[in-house]
Amino acid sequence: KNQVEQSPQSLIILEGKNCTLQCNYTVSPFSNLRWYKQDTGRGPVSLTIMTFSENTKSNGRYTATLDADTKQSSLHITASQLSDSASYICVVSDTGRRALTFGSGTRLQVQP
Amino acid sequence: DTGVSQDPRHKITKRGQNVTFRCDPISEHNRLYWYRQTLGQGPEFLTYFQNEAQLEKSRLLSDRFSAERPKGSFSTLEIQRTEQGDSAMYLCASSLASGANVLTFGAGSRLTVL
């Protein structure tokens with residue numbers, strides 16, 4: 001069964017600090033992995049998408065890494081801002097099914 | 001085009017009533033997805049269309065749920081005889097059939113069943 005596990009479940013950090021969110025997956029055969037940001041009461045918005053051959057990809061203060069051998073990904077947020085407070089969802093696509101496997105998300109709260 | 005639109009944004013209904021949600025995808029997107037999301041969880045796949053064809057349905061989509069995309073453009077998700085367990089956010093997303101299949105989500109329709 002395809003699964004995506006995220007940790008931590010929730011995280012509180014002070015504004016300006018860095019943090020790293022983790023994603024482990026068992027989806028096979030792997031096609032791509034993407035990180036979404038979901039503000040409360042809104043739909044998810046794509047941050048990055050990574051394919052099998054990509055190890056690192058950045059989008060502003062967000063840097064995603066992928067280790068396809070260990071089936072792990074991380075999302076690093078640098079110099080956090082209050083607007084980073086949201087849920088961050090790891091989503092993995094396999095090459096067979098059209099649908100995606102979602103993690104439960106990490107709820108990040110950035111405090112002043 | 002303003003992205004994926006969902007209507008209504010919020011719906012409160014009594015148990016046993018029927019509800020219908022509408023999704024208008026990005027116009028050039030031929031794939032359309034419905035997901036359900038409960039508090040603190042990631043979205044769960046319900047069903048997916050390519051053009052007007054419904055190609056996949058989750059086992060979560062019980063016989064009380066029906067989705068249509070009659071002309072390959074907008075889609076509706078109907079829930080009959082609602083139950084309290086149906087309370088959730090119903091998310092619609094669309095994408096192109098080619099490429100990396102990056103989904104663009106709507107803001108969701110929140111259902112509360114009393």
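No continuous path of hydrophobic side-chain contacts links B:Ile12 to B:Tyr90 [ILVMFWY only; heavy atoms under 4.5 Å]. When the side chains of ILVMFWY residues are joined at heavy-atom separations under 4.5 Å, either directly or via intervening members, B:Leu61 and B:Met89 end up in two distinct hydrophobic clusters. Cluster membership for B:Phe105 and B:Leu46, using ILVMFWY side-chain heavy atoms within less than 4.5 angstrom, is not shared. By the rule that hydrophobic residues join a cluster once side-chain heavy atoms approach within less than 4.5 Å of another member, B:Phe74 and B:Ile26 end up as members of separate clusters. The same ILVMFWY cluster, assembled from side-chain heavy atoms under 4.5 Å apart, contains both A:Trp35 and A:Ile77.
At a 4.5 Å heavy-atom cutoff, A:Gln6 makes no contact with chain B through either its backbone or its side chain. For a residue to count as touching a neighbouring chain, one of its non-hydrogen atoms must lie under 4.5 Å from one of that chain's; by this rule A:Arg42 touches chain B with backbone and side chain alike. The contact between A:Ser46 and chain B is made entirely by side chain atoms (from C-beta outward), counting heavy-atom distances below 4.5 Å.
Residue B:Leu91 comes nearest to A:Pro44 through the heavy atom pair CD1-CD, 4.0 Å, listed as atom of the first residue, atom of the second, then distance. The two residues A:Ser104 and B:Gln41 make their nearest non-hydrogen contact at OG-OE1, 3.3 Å.
Here ring pair (Phe, Tyr, Trp, His ring centres under 6.0 Å) pairs that include residues 38-84 of chain A, with residues two or more places apart or in two chains, number zero.
Annotation: side chain of A:Tyr36 is in contact with side chain of B:Leu103 (closest heavy-atom distance under 4.5 Å).
By number of non-hydrogen pairs under 4.5 angstrom with chain A, the leading residue of B:Gln6, B:Gln37, B:Glu44 is B:Gln37.
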